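When a ligand or atom number is given, it counts from 1 through the structure's own listing order. As a basis for the values below, the full set of heavy atoms in this structure was taken, side chains included, without hydrogen atoms, waters or symmetry mates. Computed from a predicted model, the values in this text were never measured in an experiment.
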Amino acid sequence: MKNSNCKITGNKTKNIISFGKMPIANGFLNKKDFKNEFFFNLSVSFSEEISLLQLNDHPKPKMMFNSKYPFYTSSSNFMKLHFNEYASWAKKKFLKKINNKIIEIGSNDGTFLKNFQNSNTEHLGFEPSKNVSDLAIKRGVNSTNKFFTRENLIKAEKFIGKTDIIFGANVVCHIPDLIEFIKTADKLLNDDGKIIFEEPYLGSMYKKTSYDQIYDEHIFIFSITAISKIFDLFDFQIIDAIPQVTHGGSMRYVISRKKTKHFNKKIKSMLETEKRKKISSLQGALNFRKNCELSKEKLLDKLFKIKKKGYKICGYAATSKSTTILNYCNIGPDIIDCIFDTTPDKIGKFSPGKHIPILDYKNFTKTFYNYSFLFAWNHKKEIEKKEKKYLKKGGRWITHL
Ligand code: SAH
Ligand code: TMP
């Protein structure tokens with residue numbers, strides 16, 4: 001349970017905030033399993049030494065990533081488009097015309113790697129969650145149902161020392177043992193190889209007080225400073241950082257070996273900005289704590305006022321992030337009647353911890369809810385477009401932000 005696998009926690013680690021007793025964020029469950037539900041204490045600390053915000057404690061990866069992982073990248077059309085653009089960008093900027101070898105970590109249902117099918121690029125995905133890995137294979141993607149570690153490279157022999165790029169998206173923050181991750185990458189990459197990954201950005205989380213980015217799977221919330229300090233402990237350096245709008249504000253990092261000569265004015269200035277905005281120092285984390293407490297108070301006040309007027313509230317999109325909001329703020333079915341979602345694996349089940357029923361989004365407009373709590377606030381544009389009629393009928397979207 002303890003974050004003991006992570007040997008890069010850094011020194012001078014200070015506790016920041018506890019969100020209390022928390023279930024598995026993606027642990028949507030049936031009624032019969034309520035009594036055996038697993039809980040742990042969700043709290044974060046900040047290492048001043050490596051500027052890293054991190055969970056103090058988390059469930060073992062296999063409890064989260066197994067044959068029943070209910071998140072599918074392809075459930076968002078916007079994300080499908082994003083991964084198509086991510087692939088085109090990388091092809092243009094880093095790949096040769098022929099004979100490339102690439103790897104993706106956390107390749108999920110193959111949405112990203114599909115963009116390399118029928119090309120001169122040989123690809124391989126590492127995906128420990130069997131259901132999504134199987135789906136990727138069905139879609140013609142080369143996926144191995146394994147965690148990304150050195151001992152799992154048996155099926156990747158031809159990639160050892162020959163890989164041009166190791167890609168990732170929303171996965172490096174899921175890996176407790178960052179040393180093992182970097183050593184595995186080191187074994188695979190060729191001399192000019194790159195690691196390119198994008199993750200929810202600490203600066204965006206602070207700015208929005210989107211504390212719901214913090215849940216069991218997100219062991220770290222990275223900043224450019226933290227990434228720069230972590231990779232500098234090894235034979236690697238950060239050579240670019242590119243902001244992304246995905247997931248409410250992410251950062252794409254480009255990492256190369258130190259021997260690749262590079263002087264990056266842009267990174268230097270981005271690091272200075274993070275210093276100025278207190279993203280790299282303890283003060284930023286302490287401010288965040290205050291903002292979280294305030295956000296909880298404000299949200300509960302808003303919801304109680306709505307309920308007092310006799311209005312009905314539902315939730316929209318049973319996201320992993322919603323688990324943190326609902327459990328931290330103690331919001332159950334007495335306040336939010338149900339949550340509508342598109343994922344077949346979630347429909348008919350109950351939300352982790354608070355046990356709000358999850359219903360098929362097709363029934364969203366069948367009953368009128370005065371207010372809908374948009375838990376997938378990061379997909380706001382896509383969802384509001386899809387549910388235009390709701391606003392016309394007088395419904396209102398709300399979020400905790
Ligand atoms: N990259 C996709 C999926 C993100 S969800 C996207 O951005 O939409 C994170 C994925 O990483 C899950 O499918 C999970 O099973 C996988 N994962 C978790 N730990 C991993 C590890 N150590 N190695 C490889 N994949 C991992
Ligand atoms: P996540 O925030 O954990 O990535 O999960 C996104 C969830 O949002 C997933 O359960 C699917 C759901 N969803 C909808 O229900 N409707 C939508 O239009 C979109 C984009 C997502």
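In this structure, the protein non-hydrogen atom closest to atom 25 (N) of ligand 1 is P128 CD, 3.1 Å. For atom 23 (N) of ligand 1, the closest non-hydrogen atom of the protein is F148 N, 3.1 Å. Nearest protein heavy-atom contact of atom 21 (C) of ligand 1 is F147 CD2, 3.6 Å. Nearest non-hydrogen protein atom to atom 8 (O) of ligand 1 is T73 OG1, 2.7 Å.
Residue contact check: A318 has heavy atoms under 4.0 Å from atoms 10 (O) of ligand 2. Of all atoms in ligand 2, listed by their number and element, those nearer than 4.0 Å to a heavy atom of H379 are 20 (C). If you number the atoms of ligand 2 from 1 as listed, the ones under 4.0 Å from a heavy atom of T343 come out as 9 (C), 10 (O), 11 (C). Near K346, meaning under 4.0 Å from any of its heavy atoms, are these atoms of ligand 2: 9 (C), 10 (O). Close approach of ligand 2 to K386 (heavy-atom distance below 4.0 Å) involves ligand atoms 16 (N), 17 (C), 18 (O). Residue K321 approaches ligand 2 through these ligand atoms, each under 4.0 Å from one of its heavy atoms: 2 (O).
Distances from ligand 1 to the non-hydrogen atoms of F83 include at least one value under 4.0 Å. Heavy-atom distances between F71 and ligand 2 reach below 4.0 Å in at least one pair.
Shown are D345, T111, N108; of these, the side chain to side chain donor-acceptor pair (under 3.5 Å) with Y72 is made only by D345.
Checked against a 6.0 Å centroid threshold, the rings of F340 and Y316 do not count as neighbours.
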key: Criterion salt bridge (charged side-chain N to carboxylate O under 4.0 Å, His left out) on K162 and D164, from CA distance to verdict   = CA-CA 6 Å; K162 299 208 166 74; D164 297 287; over 6 Å; no

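Checking only distances, S320 does come within under 3.5 Å of ligand 2, N or O to N or O.
More than 12 non-hydrogen atoms from other residues, nucleotides or ligands lie less than 6.0 angstrom from NZ of K296.
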